[in-house]
Amino acid sequence: MKSQLLRLLLITACTGHSSGERSSATKKSSTPRRRNLVESIDTYIPRSEVTDAAAVDLDVHAIKKELGKQNDEGWTNAMAIYRQGAFSKPIATLTLSKPLQDSISSGTRVTGMAMDGSDIVGKTVGKTAANDTNIRIAYDNDIMETGHTHCSVGGNPSPIIDGCLQSEGNVTIGNDETFHYTYNISESNHNDRTLIDLSKRAESRMWSCSHCPFEDFEKYYNYYGKFDYADRIIQYAFRGQEMELDHGNMDFGYYSKYGMKEFIYKGISYLSIWMYTIRQLEQAVADCQKGEFLQAVHFWDEAVAMYTGSRGAQQQDGNDNNNHGDLMLHQADLRCQEFSTCGEWSDSRTGKSYVNWHVFAHFADGQYNLLHNRCDHARQSKQEIVRLMTIPLIQATLRYAHIIAHETYFNEKHGAQASLYALSILPLVHDCSPQDADIVYSQLKSKNTANVDFGAVQKALENTYSCLNIQCSEIGGIWDETIGDYKYDAHPCGAAQEASNFLDAILGGTIGGLVFLTAVGLWTWWRGKLKEEEEGQDAAGANNDYWQDHHGQEEGFRGEPQYSGTRKMKTSQKLQDMLKHVGGSGLQQQQEEEHEEERTADCWQDDEDEECLFPDDEPNHFSDNPKRTDRKISNSYEI
């Protein structure tokens, strides 16, 4: 124990992360990019090598590209990457020309020559016994700096072998002993971390281990009834079959490859990797409680890497939204633009998401607590991170439910995503309220109609916010750029309630009501004049200035940021929401009519589409035909 703490103090001293400097970990580093140990991930500085963990998103991205081909070859390639891996933890198995005289411990340094003539540095994997002739060597990849591994074979349909060990040559094991070896480059380079294993190993790593079950995984197991629920769902989607789990069953025969592309690669990210990220946080806390502090910090670092991904780590800018990557970092930044929850205060449509602001603050706090043997505090950080990680999934579920509810023709891409995001949160909703989970499921289960009641989905999810410890202001509302406001039927849940309470108080008396309605009329006239005088001026900003001048408030009632997510809305936003409820159906009907006119000229744009999608553009993808089962995938692999 004392030696562990001494080593941790040395790490802390070397990295400059003392208690007095702890806040620096939450600021964007301005130093040049560095390798592995001190490579920053957004505002987080890992204390261990986690480049391989971050590379899981490269597998997801490769699968996404193969699925995008929408043909049998691409589908088969995607399945191979899913099962065999491509970029994360590449390992070579060499056959030595003579047996080892002594055993070799795991992690022993190995050097050799790559196919491109460069030097390779790796380390042994597992203990190798004396007299063995086979040895496993893990490549030392620098994925975060280069953006790709130098040796990527496994299930990769376009293998990268420049950085692989030569098919025959010499390796030096340890400091002095050299061995001649041979191996088959295409068959003996594989990946020790695969996407399928993240779910297939869930029982041993999240349920039956000595410190298990983990509380979050237990909710998903209780709902789906299978330890490897994520893999089963993904496999059913690959085959276009109907799920056979305890709850939440979807029939993927409704979708073609076009729709299933979205479901599969996002399902891997937000069902499988999402849960495994939480598992690494849980494992870190468990190791901390056992006094294994270095191992605890490594698992925590891996969780940060798997939340971010290698592409996200390369592209993230602290001042801008992350528009790259396929993991939670990107998902959070994407949804904040749609729900106006960007920024540290969850009150903007640009910049880093509120979720990422606070997730990375808790990542840093959790690491600090692990380094200082404060395991209970680290657990609190873990719980808050999980809570925040749930927010973008709820936002995505709401968004696609809203899109489908307003579509004239069914777009299977939207339907597949609505089903996927629903599956990602249904266990959490069910744990709070089985009745509300049934409502969400019945509305968003796979089908080929556009008959979705968005109001029912929204209400069911809002019913669970208190149980999930999520604030209405953290979810926000669906923003409509064409009107510069929330969509008429998708306001933040707290705003409508505040407006209702305010009106009840104001309109309690007849005279008060008349005075208020007069004020409303004057305010409406004033707003119209401003719009005429300066086109494009934000009425909310002008109104905010008015309140600042008359009440001495700067930026409304903004207070200090709270990790609980509690935030008071700006006064101007409150007033706008109140006005929308004045007069009952009159104003609402007018806004509905305006919305309908705009919708006919607008389009629903998907997460990463370069152009908008219209029914006439892709007739095969906007279908009300019977179930479609045009995928041809081998069913020899048992689910």
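Residue numbers run from 1 in the order of the sequence given.
- A salt bridge does not link Glu262 to Lys257: none of the charged side-chain nitrogens sits closer than 4.0 Å to a carboxylate oxygen.
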- For Val304 and Val50, run side chain to side chain contact (heavy atoms under 4.5 Å, CB included): C-alpha distance rounded to whole Å, both residues' side-chain angles, the deciding distance at 0.1 Å, then the answer. CA-CA 9 Å; Val304 180; Val50 293; over 6 Å; no
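- Checked against ring pair (Phe, Tyr, Trp, His ring centres under 6.0 Å), Tyr441 has no partners two or more places apart in sequence or in another chain.
- For the pair Lys69 and Trp75, the NZ or CZ position fails the cation-pi test of under 6.0 Å to the six-membered ring centre and within 45 degrees of the ring normal.
- Between the side chains of Lys261 and Gln70, not a single donor N or O lies within less than 3.5 Å of an accepting N or O.
- Ionic pairing of Asp192 and Arg136 is present here: one or more N-O contacts between side-chain nitrogen and carboxylate oxygen are shorter than 4.0 angstrom.
- With sequence neighbours excluded, no residue forms a ring pair (Phe, Tyr, Trp, His ring centres under 6.0 Å) with Tyr183.
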- Task: Please report the C-alpha distance between Tyr421 and Arg399 in whole Å, then the side-chain angles of each, then the deciding distance to 0.1 Å, and finally whether the side-chain hydrogen bond (donor to acceptor under 3.5 Å, both in side chains) criterion is met.
- Result: CA-CA 10 Å; Tyr421 287 117; Arg399 179 176 185 262; over 6 Å; no
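- Using cut-offs of 30° and 60° on the angle between ring planes, the pair Tyr221 and Phe227 is parallel.
- For Phe299, the ring pair (Phe, Tyr, Trp, His ring centres under 6.0 Å) criterion is met by no residue, not counting sequence neighbours.
- For the pair Cys151 and Pro90, the tightest heavy-atom approach, listed with the atom from each and the gap, is O-CB, 3.5 Å.
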- Message: Applying side-chain hydrogen bond (donor to acceptor under 3.5 Å, both in side chains) to Ser256 and Glu412, what does each step give before you reach the verdict?
- Response: CA-CA 8 Å; Ser256 69; Glu412 67 173 79; 2.7 Å; yes
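- In this structure, a donor-acceptor pair under 3.5 Å is absent between the side chains of Glu384 and His358.
- Centroid-to-centroid, the aromatic rings of Tyr220 and Tyr223 stay 6.0 Å apart or farther.
- Residues passing the side chain to side chain donor-acceptor pair (under 3.5 Å) test with Lys382 are Glu215, Asp216, Glu282, sequence neighbours excluded.
- Look at Lys89 and Asp52 and you find no salt bridge, because none of the NZ, NE, NH1 or NH2 atoms lies under 4.0 Å from a carboxylate O.
- Cys432 approaches Leu468 most closely through the heavy-atom pair SG-CD2, 3.8 Å.
- At distances below 3.5 Å, not a single donor-acceptor pair connects side-chain atoms of Thr308 with backbone N or O atoms of Ala305.
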- Item | Test salt bridge (charged side-chain N to carboxylate O under 4.0 Å, His left out) applied to Arg193 and Asp59, step by step | CA-CA 10 Å; Arg193 179 185 282 118; Asp59 283 9; over 6 Å; no
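- The backbone N or O of Ala230 lies less than 3.5 Å from no partner atom in the side chain of Ser272, so there is not a single donor-acceptor pair.
- In this structure, the separation between CD1 on Ile63 and OG on Ser269 is 9.0 Å, given to the nearest 0.5 Å.
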- Message: Evaluate Gln395 against Thr341 for side-chain hydrogen bond (donor to acceptor under 3.5 Å, both in side chains), listing each step before the verdict.
- Response: CA-CA 10 Å; Gln395 291 174 325; Thr341 54; 3.2 Å; yes
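- Remark: the Asn249 side chain and the Tyr236 side chain contain no N/O donor-acceptor pair separated by less than 3.5 Å.
- Scanning both residues, Leu388 and Val355, for their nearest heavy atoms gives O-CG1, 3.6 Å.
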Residues 458-467, side-chain donor-acceptor partners within the protein, below 3.5 Å, at least two apart:
residue, atom, partner, partner atom, Å
Asn463, ND2, Asp436, OD1, 3.1
Asn463, ND2, Lys459, O, 3.3
Thr464, OG1, Leu461, O, 2.7

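- For the ring pair (Phe, Tyr, Trp, His ring centres under 6.0 Å) test, residues two or more places apart in sequence or in another chain that qualify with Phe263 are Phe252.
- For the 3.5 Å distance criterion, the side chains of Tyr400 and Gln417 qualify, holding a donor opposite an acceptor.
- For the residue pair Thr194 / Asp197, a side-chain donor-acceptor distance below 3.5 Å is found, with atom types taken as modelled.
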- Message: Using the rule given for salt bridge (charged side-chain N to carboxylate O under 4.0 Å, His left out), can you reason through Asp228 versus Lys200, listing the C-alpha separation, both sets of side-chain angles and the distance that settles it, and then say yes or no?
- Response: CA-CA 5 Å; Asp228 58 347; Lys200 281 295 185 184; 3.1 Å; yes
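- In this view, His190 satisfies the side chain to side chain donor-acceptor pair (under 3.5 Å) rule with no residue, not counting sequence neighbours.
- Between the side chains of Asn184 and Ser186, a donor-acceptor pair is found at a separation under 3.5 Å.
- Taking Tyr224 as the reference, nothing meets the side chain to side chain donor-acceptor pair (under 3.5 Å) condition, with sequence neighbours excluded.
- The minimum heavy-atom distance linking Ala418 with Ile404 is given by the pair CB-CD1, 3.5 Å.
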- Task: Carefully, step by step, assess Gln283 and His211 under the rule side-chain hydrogen bond (donor to acceptor under 3.5 Å, both in side chains).
- Result: CA-CA 9 Å; Gln283 187 64 45; His211 43 278; 2.9 Å; yes
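- When all heavy atoms are compared, the tightest approach of Ile81 to Ala86 is CG2-CB, 4.2 Å.
- Residue pairs that meet the disulfide (SG to SG under 2.5 Å) test with at least one member in residues 239-276, sequence neighbours left out, do not exist here.
- Checked by atom type, the side-chain pair Tyr307/Asp42 shows no donor-acceptor distance below 3.5 Å.
- Counting only residues at least two apart or on different chains, the disulfide (SG to SG under 2.5 Å) pairs with a member in residues 205-284 are Cys209-Cys212.
- No option in Phe454, Phe339, Tyr488 other than Phe454 meets the ring-ring contact (aromatic ring centres under 6.0 Å, His included) test with His402.
- Residue Asp333 comes nearest to Ser353 through the heavy atom pair OD1-N, 2.8 Å, listed as atom of the first residue, atom of the second, then distance.
- For the residue pair Asp438 and His430, no side-chain donor N or O sits within less than 3.5 Å of a side-chain acceptor on the partner.
- For the residue pair Gln337 and Thr350, no side-chain donor N or O sits within less than 3.5 Å of a side-chain acceptor on the partner.
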- Message: Between Lys64 and Asp326, is the salt bridge (charged side-chain N to carboxylate O under 4.0 Å, His left out) condition met? List the steps.
- Response: CA-CA 9 Å; Lys64 176 182 174 182; Asp326 299 292; 3.5 Å; yes
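- A donor-acceptor pair shorter than 3.5 Å cannot be found between the side chains of Asn222 and Asp431.
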- Please lay out, stage by stage, how Ile385 and Ile278 fare under the test side chain to side chain contact (heavy atoms under 4.5 Å, CB included). CA-CA 9 Å; Ile385 291 168; Ile278 297 172; over 6 Å; no
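- In this view, Glu481 and Arg349 satisfy the salt bridge (charged side-chain N to carboxylate O under 4.0 Å, His left out) rule, not counting sequence neighbours.
- Donor-acceptor pairing under 3.5 Å is lacking for the side chains of Arg387 and Gln383.
- For Asp453, the side chain to side chain donor-acceptor pair (under 3.5 Å) criterion is met by no residue, not counting sequence neighbours.
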